[in-house]
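Here the structure comes first, spelled out in structure tokens, and everything after it is commentary.
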Amino acid sequence: MALRFFNTYSRTLEEFQPLDPEGKIVKMYTCGPTVYSRAHIGNFRAYIFEDLLQRHLEARGFNVNRVMNLTDVDDKTIRGSRAENLPLADFTAPFKEAFFQDLGTLEIKSPNEFPAATEDRYIAAMIAMISILIERGLAYQADDKSVYYRINRFPNYGHLAHFDLAELRSTGRVKSDEYDKEHVGDFALWKAWDEEDGDVAWESPWGRGRPGWHIECSAMATSLLGEQLDIHCGGVDNIFPHHEAEIAQSEGCSGKAPFVRYWLHCAHLLVEGEKMSKSLGNFLTLPDLLAKGYTGREVRFALLRVHYRAPLNFTWEGLAEARQALSRIDEWLRRLRETARLTSSPNESIERDNFAAALDDDLNISAALGELFEQLRVSNRELDESMKPERALAWLQWWEKINRVLALETSEEKVPPEIEQLVEKRKQARQARDWQRSDELRDNLRDLGWDVRDTKDGQVVTRRAGA
RNA sequence: GGCGGGGUAGCCAAGUGGUAAGGUCGGGGUCUGCAAAACCUCUAUUCGCGGGUUCGAUUCCCGCCCCCGCCUCCA
């Protein structure tokens with residue numbers, strides 16, 4: 001089956017075909033975090049979905065050039081820096097750092113570029129774009145000195161979100177500048193400096209000020225990837241106004257459409273059935289989960305296993321399920337490796353491609369995982385009936401291909417000497433058929449965070465999940 | 001009010017116009033000194049509700065209900 005994705009723009013499944021004439025390079029832009037606080041697991045659901053997308057494209061032979069921006073200037077970052085009495089850059093730096101750290105913990109591939117909005121070259125690019133928009137009559141400076149996009153002059157405005165301009169109404173969520181704007185829906189490209197901005201300001205042809213939110217993504221995306229992109233992702237809440245504005249700005253400047261060939265949006269995350277919010281006390285960050293003993297891969301699996309367009313209900317029970325499923329994979333790999341140890345010559349291979357085929361269908365991760373677990377059972381059965389080392393090696397190679405996409409494998413933890421000693425003692429007790437002593441030592445080991453099991457080949461010691 | 005997404009077993013979740021993958025939990029079994037792991041087996045006459053089309057619908061059409069989100073700076 002051909003690779004296809006659900007394009008928000010057309011609201012249909014479309015076969016994927018990159019712009020690159022060779023059909024090789026994929027230009028992908030993903031909206032990154034606003035660095036005013038630690039990113040929460042809802043944010044990471046989106047980034048993990050994007051990671052899965054990138055990895056699967058790579059598995060299918062594409063060369064993905066991915067950009068993820070960092071929004072390091074906006075109302076919230078400015079507010080935060082003032083509250084802490086820090087220069088803006090000093091306020092945002094630790095959040096950038098924390099973000100990179102979390103990406104690492106979750107095995108999210110680093111994008112090729114991490115442009116930040118405040119970098120000189122992008123501020124310059126934004127100013128250049130705004131100038132062009134003004135020249136073309138697509139933007140204007142209002143009485144409040146800010147520059148706004150004139151949405152009435154961009155006929156396509158509203159297409160992505162399926163919004164009718166006449167029906168846009170203010171939710172009052174944002175300070176209303178309606179008196180200065182020609183249309184309520186006109187959005188800021190350049191915000192004139194005001195007192196609350198403190199020393200956060202750049203010079204521009206329209207006076208001191210700072211960029212509006214939307215323009216940064218247009219500027220960074222087109223600077224790094226060109227005027228037209230293959231894929232642009234984000235959470236569904238970004239469809240409007242953010243991505244709608246990006247289309248208006250980018251196409252308004254380049255005159256080329258479409259700005260983006262495939263828009264992919266991921267649904268939100270709920271926590272225990274409720275929206276995550278600080279007031280509900282269910283606002284979770286990665287360190288919160290790590291502190292409870294969960295690992296990055298367990299969180300990754302819990303966030304990965306639901307299709308990206310379906311809402312994902314994050315629960316503690318779900319994390320426990322993830323842990324259980326992963327330890328099954330670990331045990332399976334341990335057995336395969338043990339069997340494969342006796343050979344190094346792969347002379348057969350497992351030709352089953354259903355995993356990747358499932359992902360071809362708009363990243364159907366559930367079907368893909370279904371296939372993985374089905375084959376896991378098949379191969380476990382083969383192991384039970386004594387498997388040849390070459391066969392085990394073939395299964396391991398099958399897994400490696402899959403794991404390049406899932407990124408769920410951890411390096412095995414070495415058994416420390418003191419644990420080895422207890423295991424040795426237990427071995428002796430068992431040889432003496434001293435079951436009481438044997439069970440005692442097993443309990444000791446468990447308390448120390450190690451599981452020990454008896455198999456026909458002797459004791460098997462593994463690290464306890466969550467220990 | 002407008003625009004989306006979703007409602008499938010205790011929980012999570014695929015799926016097809018022809019009779020419900022997979023994960024997890026729980027019951028039974030094989031194995032084991034006991035466990036554990038692995039495997040086998042059982043657990044939805046039924047897919048939010050009501051109509052319609054059809055030989056046949058969870059799947060297509062119509063209407064309704066519920067949940068979540070967006071409607072100007074939230075992934």
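Every chain is numbered from 1 and lettered A, B, ... according to where its sequence line falls, protein lines coming before strand lines. Computed from a predicted structure; not experimentally measured.
Put simply, A/W435 rests on the base of B/G33: the two rings are less than 5.5 Å apart at their centres and nearly parallel, under 30°.
Rounded to whole angstrom, the span from the CZ atom of A/R430 across to the P atom of B/G33 amounts to 8 Å. Protein atom CG of A/N313 is 17 Å distant from nucleotide atom P of B/G10, rounded to whole Å. Taking atom NE2 of A/H265 as the reference point, atom P of B/C3 lies 19 Å away to the nearest angstrom. Protein atom CG of A/N238 is 16 Å distant from nucleotide atom P of B/G69, rounded to whole Å. Spacing between atom OH of A/Y36 and atom P of B/C74 amounts to 7 Å, rounded to whole angstrom units. Atom CZ in A/R381 sits roughly 14 Å away from atom C1' in B/U30 (whole-Å rounding). Put simply, CZ on A/R446 is 9 Å from P on B/A36, counting in whole angstrom units. For A/R426 and B/G33, the CZ to C1' distance is 11 Å, given to the nearest whole Å.
Phosphate proximity of B/U32 to A/K456: absent, as no side-chain N or O sits under 4.0 Å from OP1 or OP2. Between A/R305 and B/U24, a side-chain N or O to OP1/OP2 separation shorter than 4.0 Å is absent. OP1 or OP2 of B/G15 lies within a sub-4.0 Å distance of a side-chain N or O belonging to A/N364. Phosphate proximity of B/A35 to A/R453: absent, as no side-chain N or O sits under 4.0 Å from OP1 or OP2.
Rounded to whole Å, the C1' atom of B/G10 lies 38 Å from the corresponding atom of B/C71. B/C25 and B/C11 are spaced 16 Å apart, taking the P atom of each and rounding to whole Å. Comparing the P positions of B/U46 and B/U41 gives a spacing of 24 Å, expressed to the nearest Å. B/C61 and B/A13 have their C1' atoms separated by 27 Å, with the value rounded to a whole Å. B/A21 sits 27 Å from B/C66 when the C1' atoms are compared, rounded to a whole Å.
When heavy atoms are screened at a 4.0 angstrom cut-off, A/T71 is found touching no nucleic acid atom at all. Residue A/G42 is classed as a base contact, given a heavy-atom separation below 4.0 Å to a base. Using a 4.0 Å heavy-atom criterion, one finds that A/R45 contacts no nucleic acid atom at all. Note on A/L269: a base of the nucleic acid sits closer than 4.0 angstrom, heavy atoms only. As judged by a 4.0 angstrom heavy-atom cut-off over every strand, A/H307 is placed among residues touching the sugar-phosphate backbone only. Residue A/E331 is in sugar-phosphate contact alone, with no base atom involved, counting any heavy-atom pair closer than 4.0 Å across all strands shown. Within the nucleic acid shown, A/F187 comes within 4.0 Å of at least one base atom, counting heavy atoms only. Counting non-hydrogen atoms under 4.0 angstrom, A/H162 reaches the backbone sugars and phosphates but no base. In this structure, A/D454 reaches the bases: a heavy-atom distance under 4.0 Å links it to at least one base atom across the strands shown. A/Y47 comes within 4.0 angstrom of the backbone, heavy atoms only, and of no base.
Ion pair A/R437/A/E440 flagged as a salt bridge, since at least one NZ, NE, NH1 or NH2 atom sits closer than 4.0 Å to an Asp/Glu carboxylate oxygen. A salt bridge is absent between A/D194 and A/R210: the closest approach of a Lys/Arg side-chain nitrogen to an acidic carboxylate oxygen does not fall below 4.0 angstrom. Residues A/R38 and A/D102 are paired through a salt bridge, judged by an N-O separation under 4.0 Å between the basic side chain and the carboxylate. Looking at A/E374 and A/R377, no side-chain N of the basic residue comes within less than 4.0 Å of a carboxylate O on the acidic one, giving no salt bridge. Taking the charged nitrogens against the carboxylate oxygens, A/D384 and A/R381 have no contact shorter than 4.0 Å, which rules out a salt bridge.
Both A/P211 and A/A367 sit near RNA chain B, but only A/A367 has its closest nucleotide nearer the 5' end. Positionally, the nearest nucleotide of RNA chain B for A/F301 lies more toward the 5' end than for the other of A/R328 and A/F301.
Side-chain to base pairing of A/R442 with B/C34: one donor and one acceptor N or O lie within less than 3.5 Å of each other. Side-chain atoms of A/E321 come within donor-acceptor range of the base of B/G23, with a qualifying N/O pair under 3.5 Å. Evaluation of atom-type donor-acceptor distances gives no pair under 3.5 Å for the side chain of A/E374 against the base of B/G23.
In the displayed structure, A/Q431 atom CD is contacted under 6.0 Å by more than 12 heavy atoms of other residues, nucleotides or ligands.
Annotation: cation-pi geometry satisfied between A/R309 and A/F6 (NZ/CZ under 6.0 angstrom from ring centroid, within 45° of ring axis).
Pairing for B/C70 goes to B/G2, judged as Watson-Crick or G-U wobble with the two contacts each under 3.5 Å. B/G50 is paired with B/C62 under the Watson-Crick or G-U wobble criterion, all donor-acceptor distances under 3.5 Å. With a 3.5 Å ceiling on both atom-pair distances, the Watson-Crick or G-U wobble partner of B/A38 is B/U30.
You'll find that the side chain of A/Q324 is closest to B/U24, out of B/G69, B/U24, B/C34.
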#### Entry: Full working for side-chain contact (heavy atoms from CB on, under 4.5 Å) between A/D186 and A/Y140
CA-CA 10 Å; A/D186 289 352; A/Y140 60 92; 2.6 Å; yes
